[in-house]
Amino acid sequence: HFFCSARLRWLGMVLASLHGHAQAPPAHRPIASPQQVHCLGQRLLTQPGSRQPIAACVRTRLSDEQPGRLSGVSRRMATAAIAPHQTLASGAHALPSDLAEAMPAYIAVAHRLADAAALVVRRYFRQPFDVETKADASPVTIADREAETAMRDLLTQLVPEHGVFGEEHGIKWGSGAGSDYVWVLDPIDGTKSFITGKPLFGTLISLLYKGRPVLGIIDQPILKERWLGVEGQPSTLNGQPIRTRPCPNINLAFLYATTPHMFSGANEISFNRVRDAVRIPMYGCDCYAYGLLAAGHADLVVEADLKPYDYMALVPIIKGAGGIVTDWTGQELCWLPSPGDDAEAMKSSWPGEVLAAGDATCHAAALALLDFRP
């Protein structure tokens, strides 16, 4: 009893400290009440089957750059993330009560992962290193691998029962009470931009609950921009709420895709119909394009040949900003692998085409033009 009480007092002190170091956007209440802190602490300290409480993520060093504190970007966002929100974001599902109670701690975990990856990525950016070619012909660097390893090591410490799926180191299945949770990681989405010194790549971090992305981060560690999306909450960029912009006519839309070379065969024919209908098609940016869409600077992102680590983090961000993101048939982007699946079964179960729009009318028009039959 003494141990739990002391842990709860410590958690309250940490949350109060975050409040002292960050200013929340005026639309949000800046900190959880003592009653909410107590309830959250009880939930985290007594989670069944956990060898180490999730709350440990807020009591250990949150950034190697500023020991004991969140990094500058994380600090500005932490207060808004902890605050309860009054209304569901557009198109959002209500979270189960136990997940909703634990979400502030999972958000803290996600920020910690982003900070750890950023330290690695900044160390290698615009420095000499070898570039290897993977079996799928995509490039990979020591920065990709070290950044993912840093994030996976933290997850092993903080939420060891949760599953992990990363681009560079594959899948680790969850166990016990954590088997419904999978963290999906892409340490550097946009490796080609990274190796050529262009700061339009990002680290992608998402948490899936029963196959549905409920938490997502896009982190651009060079520009120090971080998007956060949480199911049922307004999305933020560096702690400030963001919204997509209206675009009721697809002929007025600004469209992004990473490269025209990502399309082939039937999906190239479908994409070209949308490309020819928009005002301006543009290429490049990888995940950064989705961040621009969520912040109201672009209208459509249409892409193919993607994997879950390329898009799961983007889903809550776009939805929480008022946008819509689906596959090319209009279905939600979910992925629920089974421990019995082999590599081919896992690949066949995930969507490969993504359509994101800031405006529902524009999304419907693009969907009709795609007319895609997988």
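We count residues from 1, following the sequence as given.
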For this session: Provide the full list of salt bridge (Lys or Arg N to Asp or Glu O under 4.0 Å) pairs with a residue in residues 352-369, sequence neighbours left out, each pair given once.
Result: none

Problem set entry | Under 3.5 Å donor-acceptor, Asn238 side chain and Arg226 backbone | yes

Problem set entry | Hydrophobic cluster membership, Val159 vs Leu185, 4.5 Å side-chain cutoff | yes

For this session: Compute the ring centroids of Phe201 and Phe125, then answer whether they are less than 6.0 Å apart.
Result: yes

For this session: Please work out whether the ring planes of Phe129 and Phe194 are parallel, tilted or perpendicular, with thresholds of 30° and 60°.
Result: parallel

Exercise. If you take all heavy atoms of Val278 and Ala253, which pair is closest and at what distance?
Worked result: CB-O, 3.5 Å

For this session: State, to 0.1 Å, how close Pro316 and Val214 come at their nearest heavy-atom pair, and which atoms those are.
Result: CG-C, 4.1 Å

Exercise. Would a 4.5 Å heavy-atom cut-off, applied to side chains only, mark Thr191 and Ser138 as touching?
Worked result: no

For this session: Using the rule that two of Ile, Leu, Val, Met, Phe, Trp, Tyr join whenever any of their side-chain heavy atoms come within less than 4.5 Å, decide whether Ile324 and Leu314 are in one cluster.
Result: no

Seminar exercise, completed: So the side chain to side chain donor-acceptor pair (under 3.5 Å) pairs with at least one residue in residues 279-294 (sequence neighbours excluded) are Glu225-Tyr288, Tyr290-Glu303

Seminar exercise, completed: Value for CD1 (Ile205) from CG (Leu113), rounded to nearest 0.5 Å, stands at 5.0 Å

For this session: Using the test ring-ring contact (aromatic ring centres under 6.0 Å, His included), find all partners of Phe271 that sit at least two apart in sequence or belong to another chain.
Result: Phe263

Exercise. With the 4.5 Å side-chain cut-off for hydrophobic clustering, are Leu369 and Phe254 part of the same group?
Worked result: yes

Problem set entry | Check: Arg273 side chain, Leu370 main-chain N or O, donor-acceptor pair, under 3.5 Å | yes

For this session: Would you name the heavy atoms of Pro160 and Leu158 that are closest together and state the gap between them?
Result: CD-C, 3.5 Å

Exercise. Can Leu336 be reached from Tyr209 by stepping across I, L, V, M, F, W or Y side chains whose heavy atoms are under 4.5 Å apart?
Worked result: no

For this session: Check whether the side chains of Asp144 and Thr141 place a donor and an acceptor atom closer than 3.5 Å, and report yes or no.
Result: yes

For this session: To the nearest 0.5 angstrom, please state how far the CG atom of Asp186 sits from the NZ atom of Lys307.
Result: 10.5 Å

Problem set entry | Interatomic distance, Ile188 atom CD1 to Glu168 atom CD [nearest 0.5 angstrom] | 8.0 Å

Exercise. Are any non-hydrogen side-chain atoms of Glu167 and Val140 less than 4.5 angstrom apart?
Worked result: no

For this session: Check whether any side-chain N or O of Ser235 sits under 3.5 Å from a backbone N or O of Ile317 as a donor-acceptor pair, and report yes or no.
Result: yes

For this session: Measure the OG-CD1 distance between Ser206 and Ile217 for me, rounded to the nearest 0.5 Å.
Result: 10.0 Å

For this session: Could you tell me whether a side-chain N or O of Thr244 sits under 3.5 Å from a main-chain N or O of Gly358, the two making a donor and an acceptor?
Result: yes

Problem set entry | Side-chain donor or acceptor of Thr203 paired with backbone N/O of Pro187 under 3.5 Å | yes

For this session: Without swapping roles, check the side chain of Asn251 against the backbone of Ala277 for a donor-acceptor pair under 3.5 Å.
Result: yes

For this session: Step by step, work out the side-chain contact (heavy atoms from CB on, under 4.5 Å) result for Asn249 and Thr361.
Result: CA-CA 7 Å; Asn249 189 334; Thr361 303; over 6 Å; no

Exercise. Any sub-3.5 Å donor-acceptor pair from Asn272's side-chain atoms to Ile269's backbone N or O?
Worked result: no

Problem set entry | Among Val301, Asp299, Leu255, side chain to side chain contact (heavy atoms under 4.5 Å, CB included) partner for Leu293 | Val301

For this session: Identify the two heavy atoms, one from Pro199 and one from Arg126, that lie closest to each other, and give their separation to 0.1 Å.
Result: CD-NH2, 3.9 Å

Problem set entry | Asp130, CG: over 12 other non-hydrogen atoms inside 6.0 angstrom | no

Problem set entry | Closest non-hydrogen atom pair between Gly291 and Trp227, with its separation | O-NE1, 3.1 Å

Problem set entry | Chi angles and distances behind the side-chain contact (heavy atoms from CB on, under 4.5 Å) call for Phe372, Asp327 | CA-CA 10 Å; Phe372 188 61; Asp327 68 13; over 6 Å; no

Exercise. Does any N or O in the side chain of Asn267 come within less than 3.5 Å of the main-chain N or O of Met262, such that one atom is a donor and the other an acceptor?
Worked result: no

For this session: Any chance you could lay out the side-chain contact (heavy atoms from CB on, under 4.5 Å) test for Trp183 and Val109, step after step, and finish with the verdict?
Result: CA-CA 11 Å; Trp183 293 84; Val109 170; 3.8 Å; yes

Problem set entry | N/O donor-acceptor pair under 3.5 Å between Trp328 side chain and Leu367 backbone | no

Exercise. Transitively linked via ILVMFWY side-chain contacts under 4.5 Å: Tyr309 with Val182?
Worked result: yes

Exercise. Taking the inter-plane angle between the rings of Tyr181 and His162 on a 0 to 90° scale, is it parallel (under 30°), tilted (30 to 60°) or perpendicular (over 60°)?
Worked result: parallel

Exercise. Do Asp189 side-chain atoms and Cys287 backbone N/O form a donor-acceptor pair below 3.5 Å?
Worked result: yes

Problem set entry | His169 side chain reached by Met151 side chain, heavy atoms, under 4.5 Å | no

For this session: With the side chain counted from C-beta on, respond yes when Tyr311 and Pro351 share a heavy-atom pair under 4.5 Å apart, and no when they do not.
Result: yes

Seminar exercise, completed: side-chain hydrogen bond (donor to acceptor under 3.5 Å, both in side chains) filter on Arg145, not counting sequence neighbours, yields Glu132

Exercise. After noting the C-alpha distance and the side-chain angles of Leu204 and Ile218, does the key distance pass the side-chain contact (heavy atoms from CB on, under 4.5 Å) rule?
Worked result: CA-CA 5 Å; Leu204 299 181; Ile218 304 171; 3.7 Å; yes

Exercise. Taking atom CZ of Arg123 and atom CD of Glu146, what is their separation to the nearest 0.5 Å?
Worked result: 5.5 Å

Problem set entry | Side-chain heavy atoms of Tyr106 within contact of Leu99, under 4.5 Å | yes

Seminar exercise, completed: Residue set satisfying side-chain contact (heavy atoms from CB on, under 4.5 Å) with Ser179, at least two apart, ordered chain then number -> none

Problem set entry | Lys172 atom NZ, over 12 foreign heavy atoms within 6.0 Å | yes

Seminar exercise, completed: Quick note, salt bridge (Lys or Arg N to Asp or Glu O under 4.0 Å) partners involving residues 249-271, not counting sequence neighbours, are none

Exercise. Is there a side-chain contact between Lys198 and Lys192 (heavy atoms, below 4.5 Å)?
Worked result: no

Exercise. Atom NE2 of His363 and atom CD1 of Ile250: how far apart are they, to the nearest 0.5 Å?
Worked result: 10.5 Å

Seminar exercise, completed: What one should report as the nearest heavy-atom pair of Cys247 and Cys362 is O-CB, 3.2 Å

